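Only heavy atoms go into these numbers, but all of them, side chains included; no hydrogens, no water, no symmetry mates. The shown structure was predicted, so the numbers you read here are calculated from the model rather than taken from an experiment.
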Amino acid sequence: ENQIVVGTSEGVIKLYDDRKLNEEICKLIGHRGKVTCIKGAGNWIISGGVDKGVRIWDVKERKCVRICDVGGHRNAVSSVRICDVGGHRNAVSSVRICDVG
């Protein structure tokens, strides 16, 4: 199933079926303020926002499974991605790293 992921200015992430864009699949609620970046990785979504937080979402469970306290963000998180380092999967936001297991 292909999905389109949208971050809102209200801090909500919305998932849509790419074949039925008018049908919202679910909402992921957790950021305080605008969602500024999103990265999908299989069953996970990594998001950052103006709240300076990075959140890890389980798409199947439709919930936040981790809030990364990466520290040091003075402004909104502008980018996130996932990389594997030393056998660990990591969420990277700007220049901060959070082990996600």
Side-chain angles (χ1 to χ4, degrees):
E1 174 179 328
N2 292 325
Q3 298 175 347
I4 295 180
V5 182
V6 177
T8 71
S9 59
E10 294 82 26
V12 177
I13 298 169
K14 297 181 179 184
L15 279 70
Y16 295 90
D17 184 320
D18 72 340
R19 295 162 296 181
K20 302 175 188 172
L21 294 179
N22 59 337
E23 292 185 28
E24 185 179 289
I25 296 171
C26 74
K27 291 180 184 178
L28 304 173
I29 300 170
H31 281 285
R32 295 177 311 278
K34 183 165 84 171
V35 176
T36 53
C37 51
I38 300 172
K39 179 70 175 172
N43 292 322
W44 290 7
I45 293 173
I46 312 299
S47 63
V50 297
D51 59 2
K52 304 175 189 172
V54 175
R55 287 175 164 63
I56 314 297
W57 305 88
D58 183 314
V59 176
K60 285 186 179 181
E61 297 293 322
R62 298 181 177 179
K63 66 179 184 178
C64 180
V65 294
R66 182 145 186 206
I67 300 171
C68 294
D69 181 17
V70 293
H73 285 110
R74 294 186 183 127
N75 298 306
V77 178
S78 60
S79 65
V80 291
R81 71 183 196 120
I82 293 186
C83 64
D84 292 316
V85 178
H88 293 276
R89 178 162 274 187
N90 297 282
V92 178
S93 63
S94 304
V95 294
R96 312 290 180 210
I97 298 175
C98 174
D99 185 353
V100 296

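Between atom CG of residue D58 and atom CD1 of residue I56 there is a gap of 11.0 Å, rounded to the nearest 0.5 Å. Atom CD of E24 is separated from atom CD1 of I4 by 12.5 Å, given to the nearest 0.5 angstrom. Note: E61 CD to N43 CG = 10.0 Å, rounded to the nearest 0.5 Å.
When all heavy atoms are compared, the tightest approach of R32 to V50 is O-CG2, 4.0 Å. The two residues W57 and I13 make their nearest non-hydrogen contact at NE1-CD1, 3.5 Å. Scanning all heavy atoms of the two residues, the minimum distance from H31 to G49 falls at CE1-N, 3.7 Å. When all heavy atoms are compared, the tightest approach of L15 to Q3 is CD2-OE1, 3.0 Å.
For the pair R55 (side chain) and G30 (backbone), a donor-acceptor distance under 3.5 Å is present.
Using a 4.5 Å heavy-atom cutoff, the side chains of E23 and D17 are not in contact.
Put simply, I25 and V35 are part of the same group of oily side chains (I, L, V, M, F, W, Y) that touch within less than 4.5 Å, one to the next. A continuous path of ILVMFWY side-chain contacts below 4.5 Å connects V5 to L28, so both sit in one hydrophobic cluster. Cluster annotation: V77 and V65 are assigned to the same hydrophobic cluster (Ile/Leu/Val/Met/Phe/Trp/Tyr, side-chain heavy-atom contacts under 4.5 Å, transitive).
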Test K20 against N22 for side chain to side chain contact (heavy atoms under 4.5 Å, CB included), laying out the working first.
CA-CA 5 Å; K20 302 175 188 172; N22 59 337; 4.2 Å; yes

